[in-house]
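Reviewing the structure listed below.
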Amino acid sequence: MADVKETLLTAEGLKKLEDELAYYKSVRRIEVSQRIKTAIEYGDISENSEYDDAKNEQAFIEGHISELENKINTAKIIDESVKGDVVSVGSKVTVLDTMYNDELEYVIVGSSEADPFNNRISNESPVGKAILGKRQGDEVEVSTPDGPVTFKVLAIQ
């Protein structure tokens with residue numbers, strides 16, 4: 001049996017996944033089964049685009065449910081209360097972009113919770129990977145599409 005990859009999540013992220021799973025199982029599944037039932041009532045399903053669309057949506061929903069269940073079953077909760085002097089998953093980190101003298105604040109999270117628009121970056125992202133294990137004052141160089149960027153770790157919470 002292959003090694004199962006853990007899904008790193010905050011407690012809040014796990015709750016969101018569980019809520020989404022409940023919604024897909026209790027609401028979306030029923031909606032699409034109603035669509036299939038209605039489409040079948042139209043008669044010949046061999047040339048029934050409503051039936052085909054509903055079956056495709058059902059396949060998507062079942063796949064998404066399976067994906068959510070897998071993430072929940074392999075979840076490893078990040079202990080956000082542990083404060084350390086080393087950047088780890090769950091850390092809130094303030095870094096300085098040395099080229100633009102711009103301070104940025106990130107929370108390092110597992111890939112399934114990454115939301116760059118809300119400064120939640122994955123531990124697997126280039127910046128996340130580069131600053132993991134670093135201490136306050138450390139500098140790291142990150143390769144980006146625009147070329148290398150140097151960050152200095154200013155604070156770890």
Side-chain angles (χ1 to χ4, degrees), residues 1-33 35-36 53-157:
M1 185 172 154
D3 288 335
V4 177
K5 184 179 179 203
E6 290 180 332
T7 304
L8 297 175
L9 294 169
T10 59
E12 175 188 354
L14 179 59
K15 173 85 171 92
K16 283 181 182 177
L17 288 181
E18 289 170 340
D19 290 348
E20 184 178 357
L21 178 61
Y23 170 75
Y24 269 80
K25 282 183 164 183
S26 65
V27 176
R28 296 293 290 134
R29 242 184 200 166
I30 294 167
E31 288 174 350
V32 78
S33 68
R35 282 186 56 208
I36 291 170
D53 289 345
K55 288 299 280 184
N56 287 336
E57 186 176 358
Q58 181 183 45
F60 170 79
I61 288 169
E62 292 305 320
H64 192 62
I65 286 171
S66 178
E67 181 183 319
L68 290 169
E69 288 174 335
N70 183 52
K71 285 181 180 179
I72 290 167
N73 291 335
T74 60
K76 179 179 180 202
I77 303 301
I78 301 163
D79 187 353
E80 296 177 285
S81 66
V82 175
K83 303 282 187 245
D85 58 352
V86 173
V87 178
S88 60
V89 177
S91 296
K92 182 186 259 184
V93 184
T94 305
V95 295
L96 176 70
D97 178 334
T98 59
M99 180 183 286
Y100 294 105
N101 201 32
D102 191 16
E103 281 190 24
L104 306 163
E105 190 173 86
Y106 296 117
V107 176
I108 310 300
V109 296
S111 60
S112 62
E113 279 188 90
D115 183 359
F117 296 110
N118 287 306
N119 297 338
R120 297 174 68 84
I121 62 170
S122 166
N123 61 316
E124 298 174 14
S125 70
V127 174
K129 240 189 254 187
I131 62 176
L132 276 178
K134 301 302 182 215
R135 298 177 183 280
Q136 187 173 339
D138 286 353
E139 288 192 8
V140 296
E141 189 174 282
V142 180
S143 295
T144 70
D146 296 330
V149 177
T150 302
F151 292 104
K152 181 175 184 175
V153 178
L154 299 179
I156 304 167
Q157 300 174 29

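Note: Ile108 CD1 to Arg120 CZ = 10.5 Å, rounded to the nearest 0.5 Å. Considering CG of Asn56 and CD1 of Ile61, their distance stands at 11.0 Å, rounded to 0.5 Å.
No side-chain heavy atom of Met99 sits under 4.5 Å from any side-chain heavy atom of Val149. Side chains of Leu8 and Val109 form no contact here, defined as non-hydrogen atoms less than 4.5 Å apart. No side-chain heavy atom of Val107 sits less than 4.5 Å from a side-chain heavy atom of Asn119. The shortest side-chain heavy-atom distance between Glu69 and Lys25 falls under the 4.5 Å cut-off. Looking only at side-chain heavy atoms (C-beta outward), Asp53 and Arg35 come within less than 4.5 Å of each other. Using a 4.5 Å cut-off on side-chain heavy atoms (C-beta onward), Leu96 and Glu103 make contact.
Residues forming a side chain to side chain contact (heavy atoms under 4.5 Å, CB included) with Glu124 (at least two apart in sequence, or on another chain): Lys5, Ser111, Ser122.
When every heavy atom of Gly128 is checked against every heavy atom of Ser125, the shortest pair comes out as N-OG, 3.0 Å. Between Val32 and Gln58, the shortest heavy-atom distance links the atoms CG2-N, 3.7 Å. Scanning both residues, Lys71 and Ser112, for their nearest heavy atoms gives NZ-CB, 3.9 Å. Between Val89 and Gly110, the closest heavy-atom pair is CG1-N, 4.2 Å. Considering all non-hydrogen atoms of both residues, Ile78 and Gly90 come closest at CG2-CA, 3.5 Å.
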Stepwise side chain to side chain contact (heavy atoms under 4.5 Å, CB included) test for Thr98 and Phe151:
CA-CA 6 Å; Thr98 59; Phe151 292 104; over 6 Å; no
Stepwise side chain to side chain contact (heavy atoms under 4.5 Å, CB included) check, Lys15 with Glu12
CA-CA 5 Å; Lys15 173 85 171 92; Glu12 175 188 354; 5.7 Å; no
Step by step, work out the salt bridge (Lys or Arg N to Asp or Glu O under 4.0 Å) result for Lys16 and Glu20.
CA-CA 6 Å; Lys16 283 181 182 177; Glu20 184 178 357; over 6 Å; no
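Thr144 contributes a side-chain N or O that, together with a main-chain N or O of Asp146, makes up a donor-acceptor pair within less than 3.5 Å.
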Quiz: residues 131-140 side-chain donor-acceptor pairs under 3.5 angstrom, not counting sequence neighbours:
| unit_1 | atom_1 | unit_2 | atom_2 | d |
| --- | --- | --- | --- | --- |
| Arg135 | NH1 | Asp85 | OD1 | 3.2 |
| Arg135 | NH1 | Asp85 | OD2 | 2.9 |
| Gln136 | NE2 | Leu154 | O | 3.1 |
| Asp138 | OD2 | Arg135 | N | 2.8 |

